[in-house]
There are 2 protein chains.
Amino acid sequence: MQAPLSALSPIEQQKSASERVGEQIRELIASGNLAPGEKLPSENELSRALQVSRPVVREALRGLSMLGLVESRQGGGCYVTDLHVDRLMEPLSFFLRLNEHSLDDLFEARAMIDCGLAKAAAARATEDQKARLLEMAKIGFDLVDDPVGFRVMDAQFHSLISEAAGNAFLNSVAQSFYSLAMDARRRASAMPGVLEQSAKDHDAIVKAIVAGDGRAAAAAMGQHVDNIRLTTLAARNLSEDLADAP
Amino acid sequence: MQAPLSALSPIEQQKSASERVGEQIRELIASGNLAPGEKLPSENELSRALQVSRPVVREALRGLSMLGLVESRQGGGCYVTDLHVDRLMEPLSFFLRLNEHSLDDLFEARAMIDCGLAKAAAARATEDQKARLLEMAKIGFDLVDDPVGFRVMDAQFHSLISEAAGNAFLNSVAQSFYSLAMDARRRASAMPGVLEQSAKDHDAIVKAIVAGDGRAAAAAMGQHVDNIRLTTLAARNLSEDLADAP
DNA sequence: AAACTAAAACTTGTCTTACATGTTGTCAAG
DNA sequence: CTTGACAACATGTAAGACAAGTTTTAGTTT
């Protein structure tokens, strides 16, 4: 009779030296012994102190650097980053890009997230942010004949609302979704009337946020996302028809 | 008069070679050109192909390894991991304990996403999914004295609701947030009365979903997330107090 | 012929050395 | 006090060497 292999656990594989070094430094940061902005000892000092070679220390630091925990400047030393959530959030964006999803799902998700963001922004936006939003909404009407310029403004507009909502997690998700939808969006912004509608939508959203009316802001954002969805899908079908019968 | 330094943007600092290499490989993984479980070329081949030295390749691979994207086995080569959520979120969850603010943000985000998921699940859940949800809600009451078993069931419960909602994007986001909160959650599930409350919450959520009542499902889920938030923060503060005055 | 074994080839892990490139601090000249 | 050059230092990159582990191959044995 064969023993049940599922019951066996793999041999405790000892981690490599660079991983152990990385964990030690990470622990120093997590425990607060290394504060944000603080300078780490030089690679030579670390290698002497930990009794490993410099490449080992370098690999560990490079790993922490990719995690967004430290930043190395050539000739200037290695520093702990500000440890803001946004900086550490990159794995989430990567994961969202990983699996392919349908456009319908994307718009449903955006509707949910962006409505929540608008609602939160209405409650928390600072006076400065409100002023910038008003400015952007006004500029939008001047850019209806400039698709490229409008898209740049549009990205800043949504980014500013995310920022005003003050939630790093939702902000990260919203940015990822926005950039995912951008590809499909590019074709739609060339269609007549689309940018005019978006400018009006932006105006309504900003008015609600400035007024501090969360429900109205969420409703206006929901309408906006739905308008975008319709025109984006229409543009996609149009280009597909062109591809089928050129 | 001093010039406004805020108007200046830092010089475009070119990234180091190892970072560029790491990004290239990461793109290969994100785009699917390197599938999960697939073996990467050897370090020597990579260094020749990319025309950089082997240490550069090694540092890049070590960084990706810390991000959970690849795994190196001495003598055996370097392989793309399974890219499961938990693996990719692990480096993030480790730093959630840094500041309480991020935990608050995380729960706010979860409330938003999970409420939307519950609402969608109420509208779209199949009969089979409803039956499994009812089963889980019932089992939950039997597991109130088994924290480990309850957590396993809880993960399946939330995963099933995400699945029933039928939106791949929101599913990804919800899973990420769930695994992020797991670390902090573990301590809370040992507190008396917590699991009983969760079992009751689950029951209410399931009843609403089975009844097809989206509003009630969202409300019940909102209440559930809020309960979790309170107990998690309480458990966190408790362990902090113990650390301060042992 | 099939299966086991041992050697060879290959791959990652670590160390050492060297030099290039950039930053920081010192110090003297203006 | 500011400016500029210089020296000391830190990180970035390259190359070579050996250790330790795995995979493949070839050979031998049954």
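So that the names make sense, note that chain A is the first sequence line, chain B the second, and so on, each numbered from 1. Worth saying up front: this structure is predicted, and the values here are computed from it rather than measured.
Using a 30° and 60° split on the angle between ring planes, A/His224 and A/His158 fall in the parallel class, below 30°.
B/Arg48 has its CZ atom 14 Å from the C1' atom of D/dA15, to the nearest Å. Rounded to a whole Å, the CG atom of B/Leu46 is 14 Å from the P atom of D/dA14.
Partners of A/Arg54 by side chain to side chain donor-acceptor pair (under 3.5 Å), not counting sequence neighbours, listed by chain and number: A/Glu43. Contacts of A/Glu23 classified as side chain to side chain donor-acceptor pair (under 3.5 Å), with partners at least two apart in sequence or in another chain: A/Lys15.
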Any protein N or O atoms within reach of nucleotides 8-12 of chain D? Criterion: under 3.5 Å, listing atom names and distances.
from	atom 1	to	atom 2	distance (Å)
D/dT11	OP2	A/Glu43	N	2.8
D/dT11	O4'	A/Gly75	N	3.2
D/dG12	OP2	A/Arg58	NH1	2.8
D/dG12	OP2	A/Arg58	NH2	3.2
D/dG12	O6	A/Arg54	NH2	3.1

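A distance of 11.5 Å separates CG in B/Leu160 from CG in B/Leu117, rounded to the nearest 0.5 Å.
For the residue pair B/Asn33 / B/Ser31, a side-chain donor-acceptor distance below 3.5 Å is found, with atom types taken as modelled.
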